[in-house]
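In what follows, a single structure is set out as structure tokens and then discussed.
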Number of protein chains: 2
Amino acid sequence: MLPFARVTVIGLGLIGSSIARGIRQHMPSVRVTGYDADPAVRETAVRIDLCDDIADTAGTAVIDADLVILCVPVGAMGAAAADIAADLPAEAIVSDVGSCKESVVEAVHAALPDAVFVPAHPVAGTENSGPEAGFASLFHGRWCIVTPVEGTAPFAVERVLEFWRRLGAEVETMAPDHHDRVLAVTSHLPHLIAYTIVGTASDMEEVTQSEVIKYSAGGFRDFTRIAASDPTMWRDVFLANKEAVLDILQRFSEDLTALQRAIRWGKGDELFELFSRTRAIRRSIIEQGQDDAAPDFGRAHD
Amino acid sequence: MLPFARVTVIGLGLIGSSIARGIRQHMPSVRVTGYDADPAVRETAVRIDLCDDIADTAGTAVIDADLVILCVPVGAMGAAAADIAADLPAEAIVSDVGSCKESVVEAVHAALPDAVFVPAHPVAGTENSGPEAGFASLFHGRWCIVTPVEGTAPFAVERVLEFWRRLGAEVETMAPDHHDRVLAVTSHLPHLIAYTIVGTASDMEEVTQSEVIKYSAGGFRDFTRIAASDPTMWRDVFLANKEAVLDILQRFSEDLTALQRAIRWGKGDELFELFSRTRAIRRSIIEQGQDDAAPDFGRAHD
């Protein structure tokens with residue numbers, strides 16, 4: 001049985017538009033309504049026929065939904081939830097796709113104290129943004145982490161899990177605070193480091209920006225991909241998951257200082273030991289299907 | 001006219017074996033001799049028919065060469081050069097593929113004071129190592145930086161440039177010390193950061209290593225690719241290009257501290273400003289053909 005019959009997607013960026021397309025592909029009988037606060041995005045969504053219906057207001061978008069998914073930057077979740085409060089059907093389940101969960105749980109609960117809210121986070125994406133960047137297979141083989149709050153009816157959680165399974169994702173549940181610590185390591189810190197290194201490289205004096213771009217295949221270009229991600233989304237993530245991010249950042253800085261010292265004092269053995277250890281992690285990621293086994297991410301070499 | 005007729009490749013890892021294959025593809029009439037200090041690598045090279053001939057000693061490998069390319073880790077360049085000193089023909093040109101140039105120029109000059117040495121660095125690679133990891137198109141569309149030392153005959157430099165053009169590379173010349181500063185930014189720092197972050201992530205207590213691997217698609221997996229690069233090669237690079245690496249690392253740490261402070265004090269505007277700026281760099285890299293335009297490096301999403 002399909003977990004939901006009428007799904008409303010609020011926010012039609014990369015993730016929201018991928019959900020809409022995924023529903024079309026995997027659950028074609030489900031009616032999808034879309035809404036975005038930006039009229040230009042709504043127009044694009046109509047033009048590319050993204051949903052069965054694009055509503056003009058958040059309220060009309062949710063009026064007959066049995067699942068409403070908030071797909072806006074985490075700093076905008078509270079406002080998006082408040083926008084649907086007056087029109088949300090009592091039996092509808094509300095979910096989201098935010099990259100951090102504790103702050104979103106708090107914001108949505110404040111705006112919709114009586115709603116059944118089942119927070120979710122599909123760990124998937126690309127560096128592109130907007131309704132035209134989405135695609136139906138974005139979630140295939142990726143993990144979707146659902147972080148139910150205490151007291152949520154198990155059946156509501158199970159329907160959200162089943163929804164994500166239908167979109168092709170693997171599902172897992174964990175507590176919101178543990179989610180935020182895990183993602184601080186696997187996603188937030190990497191993005192922060194990538195943004196920093198790209199900034200550092202573009203601020204050099206002796207080495208020109210055109211040289212940095214020209215010789216970026218030496219490794220730098222890898223970092224520029226995630227440093228091209230949506231600035232609003234990521235600003236919000238760092239502000240919302242501040243504590244976990246600052247904690248992991250502190251550990252990273254300590255480790256970097258130790259490595260800096262090893263280089264300064266010529267301790268080749270220390271470098272070699274770390275560089276050998278990190279190789280094994282890559283192997284495990286490939287074995288578990290979380291990255292392409294082809295060298296160089298499978299980039300075309302011709 | 002072909003720049004060389006008999007090329008010897010010393011060191012048959014990813015880069016050496018890619019050169020051998022590239023010669024086969026682009027200059028089929030050139031005779032390629034290979035040598036590697038490791039007997040197991042020589043055996044593999046014979047088995048996969050990598051070269052026209054695999055020599056048993058470095059001396060016999062170079063005896064009738066007109067180009068000898070040293071493709072060993074930068075810390076082993078001096079020893080590799082010393083190994084061929086007694087048998088190197090007077091008119092042969094010696095070159096290399098090392099990722100830093102000042103230290104290599106010094107080491108090779110000490111071992112081969114009378115040889116014509118034209119240092120080169122193809123800015124290309126994958127995370128894989130060994131003779132079976134190489135492929136003929138590795139250098140297609142990538143830059144090869146040649147760093148001639150003062151007093152080198154222009155014709156010798158031109159022959160090396162032409163050799164790399166024939167392998168499909170774009171060529172550029174610059175001074176060895178400038179090369180080392182440019183590559184510290186575009187290659188050495190990214191590798192160091194990637195190694196660090198993968199180390200940090202695998203040393204957490206509250207977040208398990210299996211969680212890090214499972215949810216790596218949030219960004220972390222991008223870093224694991226270059227952190228899977230050859231440990232010996234990279235240990236040598238950091239020790240050999242110490243000054244430039246420590247300098248850029250200091251700048252990176254300052255920038256990271258500023259960002260950390262912006263997060264702590266909730267300065268969203270500062271974050272947004274940086275995150276918007278870094279997006280433009282990615283666009284330039286793609287426009288200049290230095291990375292795949294497809295989202296997510298063109299990774300398969302199915």
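Residue numbers start from 1 in every chain, and the chains themselves are labelled A, B, ... in the order their sequence lines are given, proteins ahead of strands.
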For chain B, the option from A:V212, A:L256, A:L192, A:L183 that forms the most heavy-atom pairs under 4.5 Å: A:L256
Selection from A:F220, A:F238, A:F135 maximising heavy-atom pairs under 4.5 Å formed with chain B: A:F220
salt_bridge(B:R251, A:E205) N-O dist < 4.0 Å: yes
What's the shortest heavy-atom distance between [X] and [Y], and which atoms?
X      : Y      : value
B:P231 : A:F272 : CB-CE1, 3.6 Å
B:A294 : A:E127 : O-OE2, 4.0 Å
B:G218 : A:H191 : O-CE1, 3.1 Å
A:N128 : B:P295 : ND2-CB, 3.5 Å

Residue selection (most heavy-atom pairs with chain A, distance under 4.5 Å) from B:Q260, B:E211, B:R299: B:R299
Charged tip of B:R225 within 45° of A:F297 ring normal and under 6.0 Å: yes
Full working for side-chain contact (heavy atoms from CB on, under 4.5 Å) between A:I193 and B:F223: CA-CA 10 Å; A:I193 296 303; B:F223 292 68; 4.0 Å; yes
Separation between CZ of A:R221 and OG of B:S187, rounded to the nearest 0.5 Å: 11.0 Å
Side-chain touch A:L271/B:Y195, heavy atoms, less than 4.5 angstrom: no
Any side-chain donor near an acceptor of the partner, A:T196 and B:D255, under 3.5 Å: no
Non-neighbouring partners of A:R277 that pass salt bridge (Lys or Arg N to Asp or Glu O under 4.0 Å), sequence neighbours left out: A:E273, B:D203
